[in-house]
Every structure is written in structure tokens, then in C-alpha cells.
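Let me begin by presenting the structure, written as C-alpha cells, before commenting on it.
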Number of protein chains: 2
Amino acid sequence: MDVRTICLGILTRGEATGYEIKKLFDEDGYHHFVEASFGSIYPALSQLTQDGLVEVRAEAQEKRPDRKVYSITQAGRSQFLASLLKPLPEDRHRSAFVFAMLFSHLLPPVRVHDAFETYVRQNEEKLAQLDKAHSQTPGEQFAIDLGKTIYTAVLDFLREHRADLETAQCPAAE
Amino acid sequence: MDVRTICLGILTRGEATGYEIKKLFDEDGYHHFVEASFGSIYPALSQLTQDGLVEVRAEAQEKRPDRKVYSITQAGRSQFLASLLKPLPEDRHRSAFVFAMLFSHLLPPVRVHDAFETYVRQNEEKLAQLDKAHSQTPGEQFAIDLGKTIYTAVLDFLREHRADLETAQCPAAE
DNA sequence: GTTTGCATGTAAACGGTTACATGATTGG
DNA sequence: CCAATCATGTAACCGTTTACATGCAAAC
């Protein structure tokens, strides 16, 4: 899912500025499964406009850059739906933490401990974020609940198994 | 975690060719959390060699390109450990499926059904792959078990909640 | 006889991140 | 007074994917 498609999707919910689209990512629980930065959103919106898939309306503001409010066109809707009908790319889950833990036996015990602390905290924060999220469609509820399920499962697993790595690699410390 | 670091990590387990490193990704359960293709592995190994972090030994073969067997150097080990001591980037989970389901209400019921079928199958296959995997270190066991935990939780969730999206969006079909 | 496995590598294209540039307003 | 929020955008850089190029051997 490239940033253009993601922007189109968000615009099916209603018009928005580039800034607001980014905020949706940071707040609404979208970012658990898709990502985009300003550096990719703004160029994406320009291109979508050129391609006639979205329209812009500039709202003048005092002492601020104009708000550029984007709305999806009929062509945009068609193309977005078409992209959802194509085979979807597979999930990708990348975890530097898990990779690092593959080598826990090479690391100082303190480092393994710290890595777990940080990772647990990150997962707890993401779970808390989802607990606060509220949905407008069945799909959003589904995404939120799936996210919660995953984070909860991961956290449970970490609590049960972190000792395996934190003790296994430093028998001398016992 | 860039490909260079990943290659270094794999080489801490013993020497290997680029081809074998790729196979580890495809088979050993590594690919659930990190990824790399030939197009990135071969250049990565060349660069690591130039930087003195790995060494190559060419094994001549009849009627085949020479096997280039790479092994990690002391400098490579140091740098690899150093990279694991730095703060680790956060996990990224990207899912085109979940993104598409955010818009299930815009899709034909058949499409939603098919998407679920495909996604369930993908997760089942990955789980089966992990069931076959065997570990050599505590870290590997940890990674395998965490992967299993996640896939199992996702599959359970899908079985319980797919009806929410498959029926909610086609009340006329009742 | 076709596919799979072994085995290496290059080059172009792609997509995205990061950092930079600008600047007023509001809240702590 | 400083940080955060609002608001847009560009450009350089980075890393990776994809497609291409080559070619024999073994298995089905």
C-alpha cells in the first residue's frame, strides 16, 4: 500500500488537509498497520491532484500558509476501489528487537534486560493508544480490536518468556 | 536493521555464502521479523568485505560459479555487537489486509470474503512453517515461539470476528 | 521437457525518510 | 521563555526491490 492509495482511502471518509491526514496516522490507530510521513504525503497529494483523483480547495488564512483542503473525485474513488480489488501484498512485520534477541547469548545481561524493558513499554503504549481509539465503521473497530489482540498476546508472551533469555545467557550471575 | 547488519548476524553463527544466507531467510523462520533479497544481500556482502568486517574464500566449482564463502572477522563481530547495543528501531507492522478492511463497507461482499480466505491461509501457512522450525539458541526458540503466539492470536481473532465484516456490509444479503 | 535448485551479480527504478526552510500562535 | 501546534513544501539521500543476465544439473 503506497502513500497515494492510503491518502485516497482516508479521503473517502471526507475532505482533509495534508496535515490532518498525518494526524490521523499519529492518533487514530491507523499507524499500527500503515505508515506515512509529511515528506511522502505532500508529494502524494500533489500527484493525485495532477492525476485528477483528488481536488484541492485553498482556504486563505491570516498569518499562516493557506490550508489546502483535498477531496476525492469520482475517478479517485474508482481507482481506490480498484486497488482494493487487486491481490493485496502480504503483511510485513519487522522487528529489530526480535532480531537482536536472536543474539541475546552474545549480549551483556544488562542490555537484554534493558531491551525487554523498552520493548514492553513500547507495546504497552501502543495498546493504551488503541484503548483510547474510537471507531466510526465496522472496519475501524476490527482494526482496533485486532491491534489490541496482537499487543496483548505479545505482552503476555514477553511476561512469560523474558526470563528464558534474561537468565539463560548469564548463568554466572546466579 | 539493514541488510548488512542482518548478514553480519547470520555470519556469527558460522560461515555462509550469499545464497545460503538467503535460504536462511526463506526457511529458518528469520523472515517473520526481518527480510532481505538477493539484490540487497550480494551488494551488502561486497561492502562488508571492503570494510573488513567479513572475509571471503572462493571455492572453485565445476560448471558453476565459484562459491564465495563469507566469514565474519573480529572487526565484524565488534561492529555487530555495537549495533545491537544502540537503541533499536521500533517494530513496524504493515498490513494491506487490515488497511483494506478499514474500507470493507465500500467493497463487494465476495471481495471481503475472498480477502479473509487468503489472509487466513497466509497466516496458517506461516504458522505451519514455524511449527517445523527448530532452534539452536534460546533466542531462536524465543523468536519462533513469539511468532507462533502472534499467528495463533491473529487466527483466533479472525475466526471470531470475520463475521462482523462479512455480514455487516451486506444487510441486503440476509 | 520443464521446473527446481544451485550460484553469482548488476542496474534502473522506486518509494520513502530525514533534514531543512519558514513562521505565527497558543499554552504551560 | 520555550515547546508545541498549525501548516506547507523541497531535496538529498538511502535502502530495497525488480528485472535482467548467465548457465548447468538433477528431479519429476
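Listed candidates were dG15(D), dT10(D), dA7(C). Nearest to the side chain of Pro43(A) is dT10(D). When each of dT17(D), dT17(C), dG9(D) is scored by its nearest atom to the side-chain atoms of Ser37(A), the top-ranked nucleotide is dT17(C). Side chain of Tyr19(B), nearest nucleotide from dT17(C), dA7(C), dT5(D): dA7(C). The side chain of Lys68(B) sits closest to dT8(C) out of dG9(D), dT16(D), dT8(C).
dT10(D) atom P lies 12 Å from atom CG of Leu45(A), rounded to whole Å. Distance Glu20(B) CD to dG5(C) C1': 13 Å, rounded to the nearest Å. Counting to the nearest Å, the C1' atom of dT16(D) and the CZ atom of Arg94(B) are 12 Å from each other. Note: CZ (Arg67(B)) to P (dA25(D)) measures 17 Å, nearest angstrom. Atom C1' of nucleotide dC20(D) and atom OH of Tyr42(B) are separated by 15 Å, given to the nearest angstrom. We find that CZ of Phe38(B) is positioned 12 Å from P of dT17(D), with the value rounded to whole Å. When the P atom of dT18(C) is taken as reference, atom CD of Glu35(A) falls 9 Å away, rounded to whole Å. dA7(C) atom P lies 15 Å from atom CG of Asp26(B), rounded to whole Å.
Considering Phe99(B), Phe103(B), Tyr119(B), Phe157(B) in turn, Phe157(B) is the only one that fulfils the ring-ring contact (aromatic ring centres under 6.0 Å, His included) rule with Phe142(A).
Under the 4.5 Å side-chain criterion, counting only non-hydrogen atoms from C-beta, Phe97(B) is not in contact with Gln122(B). Proximity of Gln129(A) to His32(A): side-chain heavy atoms (C-beta onward) are separated by under 4.5 Å at one or more points. Using a 4.5 Å heavy-atom threshold, the side chains of Tyr30(B) and Glu35(B) count as separate.
Among the heavy atoms of the strands lying under 4.0 Å from Lys23(A) are primed sugar atoms or P, OP1, OP2 only; no base atom is included. Among the heavy atoms of the strands lying under 4.0 Å from Thr17(A) are primed sugar atoms or P, OP1, OP2 only; no base atom is included.
Close to dT17(D), at under 4.0 Å from its OP1 or OP2, lies a side-chain N or O of Ser40(B).
A search for side-chain contact (heavy atoms from CB on, under 4.5 Å) contacts involving Glu59(B) returns Arg57(B), Arg67(B), Val69(B), not counting sequence neighbours.
Between the side chain of Arg111(B) and the main chain of Lys86(A), a donor-acceptor pair closer than 3.5 Å is present.
Of the N and O atoms on the side chains of Gln141(A) and Ser135(A), at least one donor lies less than 3.5 Å from an acceptor on the other residue.
Summary for the helix from dG1(C)-dC28(D) to dG28(C)-dC1(D): the axes at its two ends, each from 5 pairs, differ by 60° when rounded to the nearest 10 degrees.
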